[in-house]
A.B. asks: 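Sharing a structure here in structure tokens format.
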Amino acid sequence: MRRTYWAAGSAVLLALLFAVAATIAAASGGRTAGAAARTPALYSPDAGFARDMAVHHQQAVEMSFLVRDRTQDEAVRSLAYDIANTQANQRGMLLGWLDLWGLPKVLAGEPPMSWMAPAAGKDAPAGGHGGADGSHGGHGGADGSHGGHAVDGVPAKPGALMPGMAAKDEIAALGAAQGRDAEVLFLQLMTDHHKGGVAMARGCAVQCVTPAERALAQGMVEAQQSELTLMADMLRARGAAPRG
């Protein structure tokens, strides 16, 4: 398990370093290249992914801090620290791009993940529901939920904002748990969370047109897939398994 953990940690670090380098390159190159300097439209996949993944990441950071204070297990605490640190930094990049593009971080009336094409993450064409031209073809519940639709096979739980995200009662349960119970629940919730994050990141890797953002999304896919393998091993060591 240590070898798997080392591989997951390395993948996270490499993804973050690659994303930072890609951001710097895009910022410097965009001044002279017209295509790179193009600002994404309000409802584009680039803007939609930045808004949605920032929200998605925020919950992962919250869950990581919760479990850190509820267990003394070093493997779980180290994983939680890596997830919180990596996703907080990535969230900062996403919100920074929205600022750079002059776009809002929150868009009233936009259903979560409405920018994704039905087959995003597989063979979907760029543009999806929310095209680069700013068109908007949202889908999802009027209450802001994802309407129970699955994204790349990942369902949205009742009461959860997006596929993979935990519901409020699950966050409350994690906050009330201690020791092994907290570890197992965290690993199960984060496994679900990563599956939803991977599906969304694959969507951006296919649909987004900003090179640095596509690179960040692909890095998320690779790093979180490594962490999914690690968390399955950690659950197995505790006599548990991923849910679903």
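As the structure is a computational prediction, the values presented were derived from the model and not from experiment.
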A.B. asks: Can you tell if the side chain of Leu79 reaches within under 4.5 Å of the side chain of Val67, non-hydrogen atoms only?
C.D. replies: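 No, too far: nothing below the 4.5 Å cut-off.
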A.B. asks: Is the closest side-chain heavy-atom distance between Arg51 and Glu110 below 4.5 Å?
C.D. replies: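 Result yes, sub-4.5 Å side-chain heavy-atom pair found.
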A.B. asks: So, for Val221 and Ala201, which heavy atoms are closest and what is the spacing to 0.1 Å?
C.D. replies: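 It is CG2-CB, 3.6 Å.
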A.B. asks: Side chains of Val55 and Pro112: closer than 4.5 Å at any heavy-atom pair?
C.D. replies: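 No - every pair of side-chain heavy atoms lies 4.5 Å or more apart.
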A.B. asks: Within the distance-only criterion (no hydrogens, no angle test), does the side chain of Arg91 pair as donor or acceptor with the backbone N or O of Ala54 below 3.5 angstrom?
C.D. replies: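 Yes, because the side chain of Arg91 sits within donor-acceptor range (under 3.5 Å) of the backbone of Ala54.
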A.B. asks: Is there side-chain contact between Thr210 and Arg38, with heavy atoms separated by less than 4.5 Å?
C.D. replies: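 Thr210 does not reach Arg38 side chain to side chain.
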A.B. asks: Ignoring hydrogens, what is the shortest heavy-atom contact between Phe49 and Ala217? Give both atom names and the distance.
C.D. replies: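 Closest heavy-atom pair between Phe49 and Ala217: CZ-CB, 4.1 Å.
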A.B. asks: Are any non-hydrogen side-chain atoms of Glu170 and Met63 less than 4.5 angstrom apart?
C.D. replies: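 Answer no - side chains too far apart.
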A.B. asks: Judged by atom type as modelled, is there a donor-acceptor pair below 3.5 Å linking the side chain of Arg77 to the main-chain atoms of Arg68?
C.D. replies: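 Yes; judged by distance alone, with no hydrogens or angles, the pair exists.
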A.B. asks: With a 4.0 Å cut-off, would you call Arg70 and Asp181 a salt bridge?
C.D. replies: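 Looking at Arg70 and Asp181, the cut-off is not met.
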A.B. asks: Taking the side chain as every heavy atom from C-beta outward, state whether His57 and Met220 have any atom pair closer than 4.5 Å.
C.D. replies: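 His57 vs Met220: side chains touch.
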A.B. asks: Are Arg180 and Asp73 packed together at the side-chain level, in the sense that at least one heavy-atom pair is separated by less than 4.5 angstrom?
C.D. replies: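 Side-chain contact under 4.5 Å: no.
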A.B. asks: With a 3.5 Å cut-off and no angle check, do the side chains of Trp101 and Asp46 form a donor-acceptor pair?
C.D. replies: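 Judged by distance alone, the side chains do not pair up.
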A.B. asks: Could you grab the distance from atom CE of Met190 to atom CE of Met231, nearest 0.5 Å is fine?
C.D. replies: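 These two atoms lie 6.5 Å from each other.
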A.B. asks: Could you state the interatomic distance from CG (Leu94) to NZ (Lys105), rounded to the nearest 0.5 Å?
C.D. replies: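 The distance works out to 11.5 Å.
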A.B. asks: Enter the distance from Leu161:CG to Lys168:NZ here, rounded to the nearest 0.5 Å.
C.D. replies: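 Leu161 CG to Lys168 NZ: 10.0 Å, rounded to 0.5 Å.
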A.B. asks: If every non-hydrogen atom of Leu103 is compared with every non-hydrogen atom of Ala47, which pair is closest and at what distance?
C.D. replies: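 Minimum heavy-atom separation between Leu103 and Ala47: CD1-CB, 3.7 Å.
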A.B. asks: If we ignore angles and hydrogens, is there a donor and acceptor under 3.5 Å between the side chains of Glu62 and Gln58?
C.D. replies: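 There is no such pair (donor and acceptor under 3.5 Å, judged by atom type) between the side chains of Glu62 and Gln58.
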A.B. asks: Would you say the side-chain atoms of Arg214 pair up with the backbone N or O of Ala205, donor to acceptor, closer than 3.5 Å?
C.D. replies: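 Answer holds: yes.
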A.B. asks: Compare every heavy atom of Trp115 with every heavy atom of Ser44, then report the nearest pair and how far apart it is.
C.D. replies: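 So the two residues come closest at O-CB, 4.2 Å.
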A.B. asks: Look only at the side chain of Gln59 and the backbone of Ala166, and say whether a donor-acceptor pair between them is shorter than 3.5 Å.
C.D. replies: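 Confirmed, Gln59 side chain pairs with Ala166 backbone.
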A.B. asks: Quick check: do Arg238 and Val76 have side-chain heavy atoms less than 4.5 Å from each other?
C.D. replies: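 Arg238 reaches Val76 side chain to side chain.
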A.B. asks: Nearest 0.5 Å, what's the CD-CD distance between Gln87 and Gln224?
C.D. replies: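 Reported to 0.5 Å precision, the distance equals 5.0 Å.
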A.B. asks: Look at the side chain of Gln188 and the backbone N and O of Ala241, then say whether any donor-acceptor pair between them is shorter than 3.5 Å.
C.D. replies: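 Yes, Gln188 side chain to Ala241 backbone: donor-acceptor pair under 3.5 Å.
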A.B. asks: Identify whether the distance between the nearest side-chain nitrogen and carboxylate oxygen of Asp233 and Arg236 falls below 4.0 Å.
C.D. replies: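 Looking at Asp233 and Arg236, the cut-off is met.
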A.B. asks: Look up atom OG1 in Thr191 and atom CG in Leu230, then write down how far apart they are to the nearest 0.5 Å.
C.D. replies: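 Interatomic distance, Thr191 OG1 to Leu230 CG, rounded to 0.5 Å: 9.0 Å.
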A.B. asks: Closest approach of Glu213 and Cys204, non-hydrogen atoms and distance?
C.D. replies: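 The answer is CG-SG, 3.9 Å.
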A.B. asks: What's the spacing between Gln90 CD and Ile83 CD1 if we round to 0.5 Å?
C.D. replies: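 Here the rounded value is 11.0 Å.
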A.B. asks: Examine Leu228 and Val61 and state if one hydrophobic cluster contains both, with Ile, Leu, Val, Met, Phe, Trp and Tyr joined whenever side-chain heavy atoms are less than 4.5 Å apart.
C.D. replies: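 Leu228 and Val61: separate clusters.
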A.B. asks: Begin from the C-alpha positions of His56 and His193 and carry the test side chain to side chain contact (heavy atoms under 4.5 Å, CB included) through to its verdict.
C.D. replies: CA-CA 8 Å; His56 207 267; His193 202 273; 3.1 Å; yes
